Visitor: 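Below you will find the structure I want to go over with you.
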Amino acid sequence: METVEMNSVSLKRPRSEDDVASADEIKRQKILEKSKAENDSGQSIETVTEQREDAKSEIIPNEESEEQEEEELEDSDEDGDPESFADMMKHGLTESDVGITKFVSSHKGFSGILKERYSDFVVHEIGKDGRVSHLDDFSVPVDDEDPPEETFTVLSDEDKQRLEELQLFKNKETSVAIEVIEDTKEKRTIIHQAVKSLFPGLETKTEDRDGKKYIIAYHAAGKKALANPRKHSWPKSRGSYCHFVLYKENKDTMDAINVLSKFLRVKPNIFSYMGTKDKRAITVQEIAVLRITAQRLAHLNKCLMNFKLGNFSYKNHPLKLGELQGNHFTVVLRNITGTDEQIEQAMHSLREIGFINYYGMQRFGTTAVPTYQIGRAILQNNWNEVMDLILKPRPGAEKGYLVKCREEWAKTKDPAAALKKLPVKRCVEGQLLRGLLKYGMKNIISAFGIIPRNNRLMYIHSYQSYVWNNMVSKRIEEYGLRAVPGDLILKGATAVHIEEGDVDNYTIHDVVMPLPGFDVIYPKHKIGEAYKEMLVADNLDINNMRHKIRDYSLSGAYRKIIIRPQNVNWEVVAYDDPKIPLFTTDLDKLEGKPLPVLPTDGKFRALKMEFSLPPSTYATMAIREVLKMDTSIKNQTQLNTTWLR
């Protein structure tokens, strides 16, 4: 099998005058439309609009106390026109900057637009039993224990506000009294049920005051009640977890969980899931929540935009990260320029050979300071550089207040002064500045530790990914697409070297390569030495990947070089209107929407493709192999603004 090197291939390819005219038209539509911006490991090429949002600060997920003022600032801050954004993104990364340089197929590349609409990218989760998650049922399991529907409407907005403040200990009241206007036993029962089901931790009783009946709500078990939903209110015969399928549009998983928890008035940590999914996409995945009824969840369908919940069931277990088998993707590439023959060659190669299992560009950040550089400084124990890389001014696309914060930091090195310039405190920069205020400039380690653990580890995982990408490119350049003596394969969870006499028993699809760490072995050929040389150049010792701080010790892991997607299907369709959907979603089917009617000879052509990938594999890298194009924001933005001229 032949390997093909990528020499900074741009998204822009030579086109005829007709191609240019149609491309101009569709790109104008793209900018005019300005659609708002996935596997577990971020499996998507982000479009310009989304990248502009994501480039501006590293937002910390799962922050429970979201301030409305901060949300408005984040939502409303736009950064100029597309051309000025492209100019800023000249400072961004290209694929070759992070070691992505090879292709495995020999077909000629062609152009296409991914995610012109977020509905052009659909992800369905594949559960541990191999079943693909679909939203196809809104019905609620019949349960005699469920309260009547009136439970959700009997309380006024003012009552709900007072009860929520009581529940969260936000006022000095020890109880809240709700007058029973229509005094019947049935009415009182419904109010009791409403308070207890909507506000976990509160108990109720009925009192007579001045000849009127009141329902009195109060705390039964102090602040502990907030952490533990009342056990006695949940039927023993019913599983403690309600599992449901979440269909979401243009929201990432953590944002969705935060919205659900806010509407349900519970903490986000009672939700569990198997993997996070993309923002700029339609995604379908399973979620589990502790002791919230299906009836109450289904009620959210009436008041939430861009979400639908269904396929409810009660089970005795939560979900765990990583339990999924993978994800099934349905992707539309619009305005493709390839011939039918090129497309057939590309898709046959994807199905038969696969693609290099690179970590996608999302892993490395979108600004002029890549996340892997911060990870390298952490591993070097160079904390002044960690602080400097996160806080110093940087060229590229960022929100105005972040620019001002960085300028203030460069001028004064005063955490308090820099923090004043930062209205959105939930970003990494804000967290680090808070830490420096708390612990002082001489204790950067503790200050950095204020940032949530997953975000801190993101940096060193980015460095591991950077090393892996570079090493796999060297491996393919040196030995091509065949297994060779000294390569590594997995036997169970254990990596072993391929010996000379066994080499014919394996193919490139069996070969793995390590992410650097203290608990892995390395290939026995030239690439093993290349790992050591790369780490030495970065002032790191490959034989000592344990860090003084346990969190930052890298054990390492193994990752397949080549991934061959499963269930690969494709179709080329014609269309005239860039806004028309080119397939029906789960929600379309539930709502009885017909298939879009497409012309037989439209102005534009689109490639619809479907494939399944295992966890932690980037769909963008599969699409890159098909199109033979650089998936970096830098290249995408250069193309987008070129087409507008």
Side-chain angles (χ1 to χ4, degrees), residues 38-43 60-64 123-135 227-229 231 234 238-248 251-261 264 266-279 281 283-294 297 307 309-329 359 363 452-458 460-461 464-465 490 492-493 515 517 519 550-551 553-560 566 612-619:
E38 120 206 325
N39 160 347
D40 298 348
S41 9
Q43 300 150 311
I60 296 171
N62 206 11
E63 184 78 20
E64 288 174 21
V123 187
H124 287 88
E125 190 171 71
I126 305 172
K128 59 182 178 181
D129 57 358
R131 183 179 54 83
V132 178
S133 291
H134 282 281
L135 181 76
N228 300 299
K231 293 182 180 179
W234 194 263
R238 181 199 284 163
S240 292
Y241 295 87
C242 185
H243 287 231
F244 61 95
V245 168
L246 172 66
Y247 170 104
K248 63 180 180 62
K251 281 273 186 190
D252 70 32
T253 302
M254 275 316 309
D255 283 343
I257 296 297
N258 284 331
V259 169
L260 295 178
S261 62
L264 293 167
V266 296
K267 290 192 174 184
N269 61 8
I270 71 169
F271 291 87
S272 58
Y273 46 88
M274 295 183 284
T276 57
K277 300 289 179 280
D278 294 342
K279 175 180 181 179
T283 69
V284 183
Q285 68 183 115
E286 189 174 349
I287 305 284
V289 60
L290 177 64
R291 295 195 180 99
I292 300 290
T293 64
L297 291 166
F307 297 104
L309 287 63
N311 297 78
F312 302 103
S313 62
Y314 292 109
K315 298 181 182 178
N316 287 316
H317 58 85
L319 295 169
K320 294 179 182 175
L321 277 171
E323 280 186 327
L324 73 169
Q325 272 196 23
N327 294 285
H328 184 74
F329 296 86
Y359 287 95
R363 191 83 168 186
R453 183 173 183 271
N454 284 350
N455 293 73
R456 288 182 277 124
L457 297 185
M458 171 192 71
I460 57 174
H461 292 158
Q464 284 181 302
S465 306
L490 289 178
L515 288 107
D519 198 25
R550 187 175 177 182
D551 266 359
S553 288
L554 294 176
S555 60
Y558 299 100
R559 182 174 177 88
K560 282 200 167 186
Q566 302 298 305
S612 299
L613 294 177
S616 302
T617 305
Y618 288 72

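Note that the coordinates shown come from a computational prediction; the quantities given were computed from them, not determined experimentally.
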Visitor: If I take atom OG1 from residue Thr283 and atom NZ from residue Lys279, how far apart are they, to the nearest 0.5 angstrom?
Guide: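 Between Thr283 OG1 and Lys279 NZ, I get 12.5 Å after rounding to 0.5 Å.
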
Visitor: Roughly how far, to the nearest 0.5 Å, is the CG atom of Leu554 from the CG atom of Leu515?
Guide: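 Spacing of CG (Leu515) from CG (Leu554) equals 9.0 Å.
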
Visitor: Return the CG to CZ distance between Leu613 and Phe329, rounded to the nearest 0.5 Å.
Guide: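 Output value for this atom pair is 5.0 Å.
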
Visitor: Please enumerate all residues that pass side-chain contact (heavy atoms from CB on, under 4.5 Å) together with Leu321, with sequence neighbours excluded.
Guide: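 Counting only residues at least two positions away or on another chain, Leu321 forms a side-chain contact (heavy atoms from CB on, under 4.5 Å) with Tyr273.
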
Visitor: Sequence neighbours excluded, which residues qualify as side chain to side chain donor-acceptor pair (under 3.5 Å) partners of Ser465?
Guide: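 Expected list: Arg363.
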
Visitor: Among all residues two or more places apart in sequence or in another chain, which pass the side-chain contact (heavy atoms from CB on, under 4.5 Å) test with Arg550?
Guide: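 Once residues adjacent in sequence are excluded, Arg550 has no partner under the side-chain contact (heavy atoms from CB on, under 4.5 Å) criterion.
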
Visitor: Do Leu260 and Leu309 come close enough that some side-chain heavy atom pair is under 4.5 Å?
Guide: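 They are in side-chain contact.
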
Visitor: If you compare all heavy atoms of Leu297 against all heavy atoms of Leu264, which two are closest, and at what distance to 0.1 Å?
Guide: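 Minimum heavy-atom separation between Leu297 and Leu264: CD2-CD1, 3.8 Å.
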
Visitor: Taking all heavy atoms of Tyr558 and all of Asp519, pick out the closest pair and write down the distance.
Guide: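 Closest approach of Tyr558 to Asp519: OH-O, 4.3 Å.
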
Visitor: Glu286 side chain to His243 main-chain N or O, any donor-acceptor pair under 3.5 Å?
Guide: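 Flag not set: sc Glu286 to bb His243 has no pair under 3.5 Å.
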
Visitor: Just verifying a value: how many Å separate Asn311 CG and Tyr247 OH, rounded to the nearest 0.5 Å?
Guide: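 With rounding to 0.5 Å, CG (Asn311) is 13.5 Å from OH (Tyr247).
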
Visitor: Looking only at heavy atoms, which two atoms of Thr253 and Lys277 are closest? And how far apart?
Guide: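 Answer, listing the atom of Thr253 first, then Lys277: OG1-N, 2.7 Å.
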
Visitor: Indicate the atoms forming the closest heavy-atom contact of Ser272 with Pro318, along with that distance.
Guide: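 Taking every non-hydrogen atom into account, OG-CB, 3.4 Å.
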
Visitor: Can you see which heavy atom on Leu246 is nearest to which on Ala256, and at what distance?
Guide: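 In this case the closest contact between Leu246 and Ala256 is CD2-CB, 4.0 Å.
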
Visitor: Report the C-alpha distance between Cys242 and Ile292 in whole Å, list the side-chain angles of each, state the deciding distance to 0.1 Å, and finish with yes or no for side-chain contact (heavy atoms from CB on, under 4.5 Å).
Guide: CA-CA 7 Å; Cys242 185; Ile292 300 290; 5.6 Å; no

Visitor: Holding to side-chain contact (heavy atoms from CB on, under 4.5 Å), I want the full list of residues that pass it with Ser240, two or more places apart in sequence or in another chain.
Guide: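 Scan of Ser240 (side-chain contact (heavy atoms from CB on, under 4.5 Å), adjacent residues dropped) gives Leu290, Arg291.
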
Visitor: Mind checking whether Arg559 and Ser616 have side chains closer than 4.5 Å, heavy atoms only?
Guide: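 Yes, at least one pair of side-chain atoms sits under 4.5 Å.
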
Visitor: Take Val289 and Val266, measure what side-chain contact (heavy atoms from CB on, under 4.5 Å) needs, and give me the verdict at the end.
Guide: CA-CA 10 Å; Val289 60; Val266 296; 5.6 Å; no

Visitor: Rounded to the nearest 0.5 Å, how far apart are CG of Leu135 and NE2 of His124?
Guide: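 Here the rounded value is 8.5 Å.
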
Visitor: Could you give the distance from CD1 (Ile270) to OH (Tyr241), rounded to the nearest 0.5 Å?
Guide: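 Here the rounded value is 9.5 Å.
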
Visitor: Tell me, please, which residues at least two apart from Asp551 pass salt bridge (Lys or Arg N to Asp or Glu O under 4.0 Å).
Guide: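 For Asp551 the salt bridge (Lys or Arg N to Asp or Glu O under 4.0 Å) partners, ignoring immediate neighbours, are Arg453, Arg456.
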
Visitor: In terms of ring plane angle, is the pair Phe312 and Phe244 parallel, tilted or perpendicular, where the classes change at 30° and 60°?
Guide: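 Correct class here is tilted.
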
Visitor: Could you label the plane-to-plane angle of the Tyr618 and Tyr359 rings as parallel, tilted or perpendicular, counting under 30° as parallel and over 60° as perpendicular?
Guide: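 Correct class here is perpendicular.
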
Visitor: Which heavy atom of His328 sits nearest a heavy atom of Ser612, and at what distance?
Guide: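 Closest pair (atom of His328, atom of Ser612, distance): ND1-OG, 2.7 Å.
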
Visitor: For Glu323, check side-chain contact (heavy atoms from CB on, under 4.5 Å) against everything at least two apart and list the hits.
Guide: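 Listed in chain order: Lys128, Met274, Leu319, Lys320.
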
